[in-house]
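This report concerns only the one structure given below.
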Amino acid sequence: MSFSSLGLSEQLVRATTDQGYDTPSPIQAQAIPAVLSGKDVMAAAQTGTGKTAGFTLPLLQRLAEKPRTGKGPRALILAPTRELAAQVHDSVNLYSKYIPTKAAVVFGGVKINPQMMKLRKGLDVLVATPGRLMDLYQQNAVRFDEVEILVLDEADRMLDMGFIRDIRKILALLPAKRQNLLFSATFSNEIRTLAQGLLDNPVQVEVAARNTAAESIKQSVYPVDQSQKTALLSKLVRDNGWEQVLVFTRTKHGANRLTQKLERDGITAAAIHGNKSQGARTRALAEFKQGDIRVLVATDIAARGLDIKQLPQVVNFELPNVPEDYVHRIGRTGRAGESGHALSLVSADEGKMLAGIEKLIKKQLPRKAMEGFEPTNNLPLKPKAKADPSKARGRNGNGGGNGRPGGKPRSAGARPGGRSGGRSQNGGGQRGRSAARQSG
Ligand code: AMP
C-alpha cells in the first residue's frame, strides 16, 4: 500500500516521501480515506501511531481542493498542550510544503499580540489550545464562520486538563455544517458523551486494541526502595550506555529534584514541566534531541505531545496515578515500528498502582533484579496483601495484578492527585471565566 493509493494528491505524497515515509501506518491507512470522503471520524490512536499525518494529510487535500475566499481558518485543530500544538503545526507545515495552504499555531503562555497579527493576515489551518483560542475569540481576533473541518486531537487529555468548557464554547460557535474528527488514546464515558454530541455517523478507526501497549515495546519492572531509585537510575544509564532516555516523574518538584541529582552524578539531564517557561521547555527538548542531554525528566502532562523520533528508552521513575498514563508514557518509545524498552522503578508503596496497570494492559510485567538494589520492602504482587509477608510468595503466580477487589474501574472523573496543576501548563489561565450560556 502507498500514500497515493489512499487517494492523496501527488504534492502531498511528495511531502511524505521527503519525510522518509514509504508506507502508511495502520491508522493512516484507515483514517486517510475516511477523512477524504468527507465523513466524521472517531479514531482511537495513541501518540506514535502516525495519527498526526493521519488527519493532517487528508485535511490538507480537502482544503486544497478549493481556494480560500475569506481570512479563515477553514480547518481548526484543537490540541491539549503547547508542545502538541506546536508539533502538529510543524507537521502541517511539512506536509503542505508543495501546496499553498497557510497555517498558524496559537497557545497560551506567550504574548497574544503576535498571534493576533498572524490571524489578521488570513490562514487556512489554525492549530490551537482551547484556552488561548477562546481568549482570541473574545478579543475579536478570530472568527469561526469559515470552519469546514474540526479536529480534536488527544481529546482524552483535553478533558483531563479541564478544557471541556472551552471546547463546548468553541463547538457552539462553529458553523453547524462541518466535518468533525476526534482522536483520542483512550475512550472514557466522558469522551463517548462528547463524541455522541459532536460526531455524525462517524467512521470508527481503531488500530491497537484499546489500552494495550504496542507489541514492539519491551516492558519490565525493577522492584526497588524509593530511596535507591536515583542511584539505580544512574547505574542503568551508565551500564547500558543510554544516550537518550525519557524519564517520568509524578510531580514537577520530583522532576526538578531528580534532574539535580543526576547532574550531581555527572549525567546530563533537564526537566520539562509546566512550571518551566516555554523557552526553557523548547530549549531542553532541542538539547535532548541533539544528544546534548542524556536524560529528559518529564511529568505526564508536559510529556504529552513531545515528538521524539525513535526514542529507545523510557523509564518510569515513579508509576503514574492513573493506569492509562502508563500506556501514554511507554508509547513514547517504540514509535512507528521501532522497538523500544520501557522500564519501571517500582517501590513497595506503588504496588497498587502496578496492579492497576497490569490489569489495564492485561499482562504481568516481568520483574528484574539489580544486585545491590534489592528492595528491603518487597513489592506485593497482589494488591493489598494486608502486610502478610507469607503472601508475598506467590510473586510469579497466576497472571497477577488482578486488580482491586470487586474489579471496579476508577471513574474517569475521579483522577487522584497531580491533575489540577495541568491546566496552568497551558498558560491560558482562564479558569475563572464564566461558563454562561453553556449547555455542558
Ligand atoms: P504521531 O503518532 O503522529 O505523533 O507520529 C509518530 C511519528 O511517526 C512521527 O515522528 C512521524 O514523523 C512518524 N511517522 C508518521 N507517519 C509515518 C509513516 N507512514 N512512516 C514512518 N514514520 C511515520
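Read the numbers this way: they start at 1 and go in the same order the structure lists the ligands and their atoms. Heavy atoms only: backbone and side chains are in, while hydrogens, waters and symmetry mates are out.
At a heavy-atom distance under 4.0 Å, only side-chain atoms of Gln28, from C-beta outward, approach ligand 1. Counting heavy atoms under 4.0 Å from ligand 1, residue Phe55 does not touch it at all.
A ring-centre distance under 6.0 Å is found for Phe144 and Tyr137.
Within the 4.5 Å cutoff, the side chain of Tyr95 has heavy atoms near those of the Gln19 side chain. Inter-residue side-chain proximity for Val327 and Thr186 is flagged as unmet; no heavy-atom pair is nearer than 4.5 Å.
Salt-bridge formation is not detected for the pair Lys352/Glu358: no Lys NZ or Arg NE/NH1/NH2 atom is positioned less than 4.0 Å from an Asp or Glu carboxylate oxygen.
If you number the atoms of ligand 1 from 1 as listed, the ones under 4.0 Å from a heavy atom of Thr23 come out as 18 (C), 19 (N), 20 (N). Atom numbering of ligand 1 starts at 1 in the shown order; those under 4.0 Å from a heavy atom of Thr52 are 1 (P), 3 (O), 4 (O). Every atom of ligand 1 is numbered from 1 in the order shown, and the set under 4.0 Å from a heavy atom of Ser25 is 19 (N).
Using a 3.5 Å distance cut-off with no hydrogens or angles, the side chains of Glu350 and Ser347 do pair a donor with an acceptor. Looking at Arg132 and Gln115, their side chains do bring a donor and an acceptor atom within 3.5 Å of each other.
For ligand 1, the polar-atom distance check against Gly50 finds a nitrogen or oxygen pair separated by under 3.5 Å.
Judged by the shortest distance from any of its heavy atoms, Asp22 lies outside the 4.0 Å radius around the atoms of ligand 1.
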